[in-house]
2 protein chains.
Amino acid sequence: MKIMKEREKKTELLFETALELFAAYGYKKTTVDDVAARLSMTKGNLYFYVKNKKDLYEKTVNHALNQWKAAGQKAMESETDVVSQFRSMAIAAIEYIENNPTLRQVLMNDPSIFTISANEDRFRKTNESAMAILKAVLEEGVRQNIFYPMDVDHISEYLYSVYIMFLIKRYVKSESSSSKTMFREALELTIRGLVMSPVTTTAAQTTSKGGKS
Amino acid sequence: MKIMKEREKKTELLFETALELFAAYGYKKTTVDDVAARLSMTKGNLYFYVKNKKDLYEKTVNHALNQWKAAGQKAMESETDVVSQFRSMAIAAIEYIENNPTLRQVLMNDPSIFTISANEDRFRKTNESAMAILKAVLEEGVRQNIFYPMDVDHISEYLYSVYIMFLIKRYVKSESSSSKTMFREALELTIRGLVMSPVTTTAAQTTSKGGKS
DNA sequence: TCCTGAACAATTTAACGAAATGTTCAAAAG
DNA sequence: CTTTTGAACATTTCGTTAAATTGTTCAGGA
């Protein structure tokens, strides 16, 4: 499918290997020696690929997050209408992590991966590009008069946050509830809140002012 | 308004004082001596009111959370229809914390107050009783055929989690976005997802199956 | 371009006494 | 009987050290 240069293949192997070790031992307990040894190279040589240990970790996690994002995007692109695109993207992303215990473990070891706080950079770019995909779907839905008019920047950020919250509840802490069915129910509730009724009225700015008795 | 016994008044003062100190210095840096001194008593006497330092902290935070909850409940009870009840409760809760920098600071110092994870008890009971109020509104809305039929346990937990997520985003981390307007937009989106269209059709089990072309 | 291995720098760990803080309780005050 | 005191006691933190581990650099070689 993909043609890859020798260098890329090696780098990819590096990230996959490192991810397994970070998952198994956590950031602190995995030594750069551990990673180098698993790849049958010396630790000195690792510094040919990454700047330092922190850089190794960030590149490794970024690599994993990008694959995750790609899975959601692929599912989205296989649908034609925006509602299905929205739904499939959400479901695919959940199923990806469901089937990826290694990445899940890394998230459990370091929940701050999702932080997106202003001061920290780290994975902001990756998170933002995932949000951008979501935003594009929302924009298209609004353009087609299928979704309510909205501030797509705010709502995409909001929905992304809700999605992250779900992930944390379900996979980082493993809470009693927050089951898969709960995710589906919340997803359908959200879609109802997004989608205008089949009758495409233009500019339905009903801020629900009129109290129905 | 409220008639209080001497003992209750003193306990209340204790919690208010402790909250200020925990807000200013954090759990670790506030000594029981600090709290006792501020109340002009010896630290030994504090142990007449609480079991130990941890207990002092938990009772203090619980006291504050309960007042917060009461503010939301009061706002809810002043409305007559479920949609307004839902909306007012959410808005009142946000405004309460908006106007309460001390409690806000305590939450910033210790975000795990909201955790509700299975292993930890701490504030579970308080959180659960807040969720119960929300759940009651949802149940009433479903009963009156104003809200879509739903699993109220799942959806109330979901909505409570979304609410907590907002609080954390806005007050614990202080993120660039997640503004007040974003909260309002998300609230309206949620209400649209909850409320059936004015035409009260019975058992609208539309799982959005029919693809609209 | 990629890799080695040894030198060097930085961080972590363990140990330990001193200081600070948390907790208990007999006795006293109200 | 309830509330408070104050000193004794228990526990945890802090500051300091030295050794061990781990991270990083780099001259040189495949």
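- Between Ala75(A) and Ala92(A), the shortest heavy-atom contact is CB-CB, 3.3 Å.
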- Task: Using a 4.0 Å cut-off on protein heavy atoms (strictly under), produce a 5'-to-3' string for nucleotides 4-15 of chain C with B for base contact, S for backbone-only sugar-phosphate contact, and - for none.
- Result: BB-------S--
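- Shown here for Tyr47(B) and Lys51(B), the closest heavy-atom pair between the two residues is CD2-O, 3.4 Å.
- For the pair Glu8(B) CD and dT2(D) P, the interatomic distance rounds to 16 Å; values are reported in whole Å.
- Rounded to an integer number of Å, the gap from CG of Leu39(B) to C1' of dT3(D) is 14 Å.
- Going from atom CG of Leu14(B) over to atom C1' of dT4(D) covers 15 Å, rounded to whole Å.
- Under 4.0 Å is where a charged nitrogen must lie from a carboxylate oxygen, and between Glu157(B) and Lys169(A) at least one such pair does.
- Separating the NZ atom of Lys54(B) from the P atom of dT11(D) is a distance of 17 Å, rounded to the nearest angstrom.
- Comparing atom distances between the Lys10(B) side chain and each of dT1(C), dT4(D), dG22(C) picks out dT4(D) as nearest.
- Each of dC2(C), dG23(D), dT4(D) was ranked by its minimum atom distance to the side chain of Tyr49(B); first place goes to dT4(D).
- For Arg170(A) and Phe183(A), the positive end is not near the middle of the six-membered ring at less than 6.0 Å and at most 45° from its axis.
- A salt bridge does not link Asp34(B) to Lys43(B): none of the charged nitrogens lies less than 4.0 Å from a carboxylate oxygen.
- Comparing atom distances between the Phe48(B) side chain and each of dT2(D), dT23(C), dT24(D) picks out dT2(D) as nearest.
- Computed from coordinates, the Asp33(A) CG to dA20(D) P distance equals 18 Å when rounded to whole Å.
- Atom-to-atom, NZ of Lys53(B) to P of dT24(C) comes out at 15 Å; the value is rounded to the nearest Å.
- Side-chain N/O atoms of Tyr47(A) include one lying less than 4.0 angstrom from OP1 or OP2 on dT24(D).
- What you find for Thr190(B) and Leu159(B) is that their closest heavy atoms are CG2-CD2, 3.5 Å.
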